[in-house]
Trainee: 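This is the structure I have questions about; it appears just below.
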Amino acid sequence: MSYTKEDILRVAKEENVRFIRLQFTDLLGAIKNVEIPVSQLEKALDNKMMFDGSSIEGYVRIEESDMYLYPDLDTWVVFPWVTENRVARLICDIYMPDGTPFPGDPRAVLRRALEEAEEMGFTAMNVGPEPEFFLFRTDEKGNPTDELNDQGGYFDLAPTDLGENCRREIVITLEEMGFEIEASHHEVAPGQHEIDFKYENALKAADQIQTFKLVVKTIARQHGLHATFMPKPLFGMNGSGMHCHQSLFRGGENAFYDESDTLGLSDTARYYMAGILKHARAFAAITNPTVNSYKRLVPGYEAPCYVAWSASNRSPMIRIPASRGLSTRIEVRNPDPAANPYLALAVMLKSGLDGIRRQLTLPAPIDRNIYVMSEEERIEEGIPSLPADLKEALNELIRDEVVVQAMGEHALTHFYELKEIEWDMYRTQVHQWERDQYMTLY
């Protein structure tokens, strides 16, 4: 829904809104906000709200800290779970004092990639994300425990699925906030859940992912549960992914569809996929950005480890869902919900556009189960693996000009520095596994 400044001021008065959260996202994907009383709403809508950017991860140094919040009026929503002293939300773009977009703003990074797509004749990138999450019980202080809320499995229902009521309330809340929910269900692992919402243009889809995470965590807490989007919270169980269905449009035409093709895929779709596969090892640091992400990307737990595609097989990184016509799309399966969605969509789009621009050749599909293939067979078939850990992914990232350009110098430099620190902290930490393995052996 589109809003004007006058619409927002009117709705705020009609809904008795008392506070407004001006939200944005830092480089690591964390939602940040400054809350203002409704008396300051008009000032905010005039783009006059300032904040200290030096306190936000990956933003600016202290000597250049003043930054401005420019609300995107179409992101206005009143939180349905607050009934007294009502609270609304606006997602903001970040601007410099001179009126130029801040290059390190993740929303700006995605906007730049979308502008490039538009220059190439594409009017929209549609994205259907599938972020999965786990529900853990909390202790008497409200802190998360390592006890799952149920022992259900794929598509189970109550009483086995003890998260059903919580999940249902999440769906109701999301619908009240304008989401079109297509399905919700228990996932494969105990305590794991998925709620699917309708595709949107890339920028709105990224906004929705962030809103989705906020709603899931808020409603879970009201049920005495802790929701986590950590990619692999438990050893020996499936991790949580965020498969991203994506397609490009020219006006009302799906640029990925060609009815004369055996698979219904256009040359554009094949070039785009070739670009995704070409840059997959480099953009993994963005789509799978944590140390923990790479504990999900291992054989045996339905997560893709190998850079390949198929129209039917779910073991490669890219799958082609069966729908055709306007619904023709590719499903990129390696991203996880720890990713900053703006950055993740930007680097995937930029990679796909590179494939289209250079008309890269798409490798043959892999319709066998890659998990049971030997290393020699994978080499023979030309199937690379995704990076094995965050350090390898970071090394691939900085060597890839296309992904580097997608991020931009400011965002890339600060993201890389933060992730190098994360890797070094992990590398030098002594973990319980090491004590269990070595304490008595040596």
Side-chain angles (χ1 to χ4, degrees), residues 25-29 58 103-120 122 125 127 129 202-203 205-206 242-244 246 248 271-291 293-294 297 304-309 317-318 330 332-336 338-363 384-420 422-423:
T25 298
D26 73 12
L27 271 182
L28 298 183
D105 176 15
R107 249 178 153 239
V109 173
L110 178 54
R111 284 187 188 277
R112 290 197 301 268
L114 291 169
E115 287 168 4
E116 182 175 331
E118 191 172 347
E119 290 169 2
M120 293 175 65
F122 301 107
M125 176 197 192
V127 179
L203 188 64
M242 187 175 70
H243 303 170
C244 290
Q246 48 198 279
L248 295 177
Y271 295 146
Y272 187 94
M273 275 197 290
I276 292 282
L277 296 175
K278 171 76 173 176
H279 300 288
R281 283 179 52 81
F283 69 59
I286 310 299
T287 56
N288 307 90
T290 71
V291 165
S293 296
Y294 297 87
L297 299 178
C305 323
Y306 306 111
V307 183
W309 74 281
M317 195 186 97
I318 298 178
I330 71 169
V332 183
R333 304 179 69 248
N334 70 294
D336 67 52
N340 181 321
Y342 303 100
L343 301 181
L345 294 181
V347 295
M348 286 190 284
L349 174 58
K350 184 82 171 179
S351 298
L353 293 178
D354 182 59
I356 294 171
R357 182 181 289 105
R358 296 166 57 195
Q359 297 190 1
L360 296 178
T361 300
L362 181 67
S385 297
L386 286 166
D389 55 43
L390 180 60
K391 180 60 176 175
E392 184 181 347
L394 291 171
N395 290 340
E396 292 285 340
L397 169 64
I398 58 173
R399 288 199 292 259
D400 190 298
E401 292 183 9
V402 169
V403 181
V404 165
Q405 188 182 33
M407 290 285 287
E409 182 181 357
H410 185 105
L412 177 73
T413 300
H414 287 79
F415 180 88
Y416 187 85
E417 288 175 355
L418 291 168
K419 289 299 165 179
E420 281 274 88
E422 179 180 335
W423 173 255

Trainee: May I ask you to test the Val291-Asp389 pair for a side-chain heavy-atom distance under 4.5 Å?
Mentor: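 They are not in contact (no side-chain heavy atoms under 4.5 Å apart), so the answer is no.
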Trainee: Of all the heavy-atom pairs spanning Ala282 and Val403, show the shortest one and how long it is.
Mentor: CB-CG2, 4.0 Å
Trainee: Kindly compute the distance separating CG (Leu297) from CG (Asp336), expressed to the nearest 0.5 Å.
Mentor: 7.0 Å
Trainee: Between NE2 of His279 and CD of Glu396, what distance do you get to the nearest 0.5 Å?
Mentor: 12.0 Å
Trainee: Considering only heavy atoms from C-beta outward, does the side chain of Leu345 approach that of Leu203 to under 4.5 Å?
Mentor: no
Trainee: Among all residues two or more places apart in sequence or in another chain, which pass the side-chain contact (heavy atoms from CB on, under 4.5 Å) test with Ile356?
Mentor: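 With sequence neighbours excluded, Ile356 shows a side-chain contact (heavy atoms from CB on, under 4.5 Å) to Met120, Phe122, Leu248, Thr268, Tyr271, Tyr272, Leu353, given in chain and number order.
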Trainee: Tell me, do Asp354 and Leu360 make a side-chain contact under 4.5 Å, heavy atoms counted?
Mentor: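 Of all side-chain heavy-atom pairs linking Leu360 with Asp354, at least one is under 4.5 Å.
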Trainee: Identify the heavy atoms of Ala206 and Leu110 that sit nearest to each other, and give their distance.
Mentor: CB-CD2, 4.2 Å
Trainee: Check whether any side-chain N or O of Asn288 sits under 3.5 Å from a backbone N or O of Asn334 as a donor-acceptor pair, and report yes or no.
Mentor: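 Yes, the answer is positive, given that a donor and an acceptor are paired below the 3.5 Å cut-off.
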Trainee: Any side-chain heavy-atom pair from Met407 and Leu343 closer than 4.5 angstrom?
Mentor: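 When only atoms from C-beta onward are counted, Leu343 and Met407 do touch, with a gap below 4.5 Å.
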Trainee: Quick one: list whatever passes salt bridge (Lys or Arg N to Asp or Glu O under 4.0 Å) with Arg112, sequence neighbours left out.
Mentor: none
Trainee: Any idea which heavy atoms bring Pro304 and Leu386 closest together, and the distance?
Mentor: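 That would be O-CD1, 3.5 Å.
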Trainee: In Å, rounded to the nearest 0.5 Å, how long is the span from CG of Leu397 to CG of Leu390?
Mentor: 10.0 Å
Trainee: Between Trp309 (side chain) and Ala274 (backbone), is there a donor-acceptor pair under 3.5 Å?
Mentor: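 A pair under 3.5 Å: no.
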Trainee: Looking at CZ of Phe415 and CG of Leu394, how far apart are the two atoms once the value is rounded to the nearest 0.5 Å?
Mentor: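 Reported to 0.5 Å precision, the distance equals 7.0 Å.
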Trainee: Could you check whether any side-chain N or O of Lys419 sits under 3.5 Å from a backbone N or O of Pro289, counting only pairs where one atom can act as donor and the other as acceptor?
Mentor: yes
Trainee: From Glu392 CD over to Arg281 CZ, what is the distance, rounded to the nearest 0.5 angstrom?
Mentor: 4.5 Å
Trainee: If you draw a 6.0 Å radius around CD in Gln405, do more than 12 non-hydrogen atoms from other residues or ligands fall strictly inside?
Mentor: no
Trainee: Got Met317 and Ile276 here, is their nearest side-chain heavy-atom distance under 4.5 Å?
Mentor: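 They are in side-chain contact.
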Trainee: Does the side chain of Pro103 reach to within under 4.5 Å of the side chain of Glu409, using non-hydrogen atoms?
Mentor: no
Trainee: Verify whether one side chain among Thr25 and Asn340 offers a donor that lies under 3.5 Å from an acceptor in the other.
Mentor: no
Trainee: Could you tell me whether Glu118 atom CD has more than 12 heavy atoms of other residues or ligands within 6.0 Å of it?
Mentor: no
Trainee: Could you report the tightest heavy-atom contact between Val307 and Ala280, atom names first, then the distance?
Mentor: CG1-CB, 4.0 Å
Trainee: Could you tell me which non-hydrogen atom of Phe283 sits nearest to which non-hydrogen atom of Ser351, and how far apart they are?
Mentor: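 Smallest interatomic distance, heavy atoms only, reads CD2-OG, 3.4 Å.
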Trainee: What heavy-atom pair brings Ala339 and Ala344 nearest, and what distance separates the two atoms?
Mentor: CB-CB, 4.2 Å
Trainee: Does CD in Glu401 sit with more than 12 non-hydrogen atoms of other residues, nucleotides or ligands closer than 6.0 Å?
Mentor: no
Trainee: I need the Arg111 CZ to Asp105 CG distance, nearest 0.5 Å.
Mentor: 8.5 Å
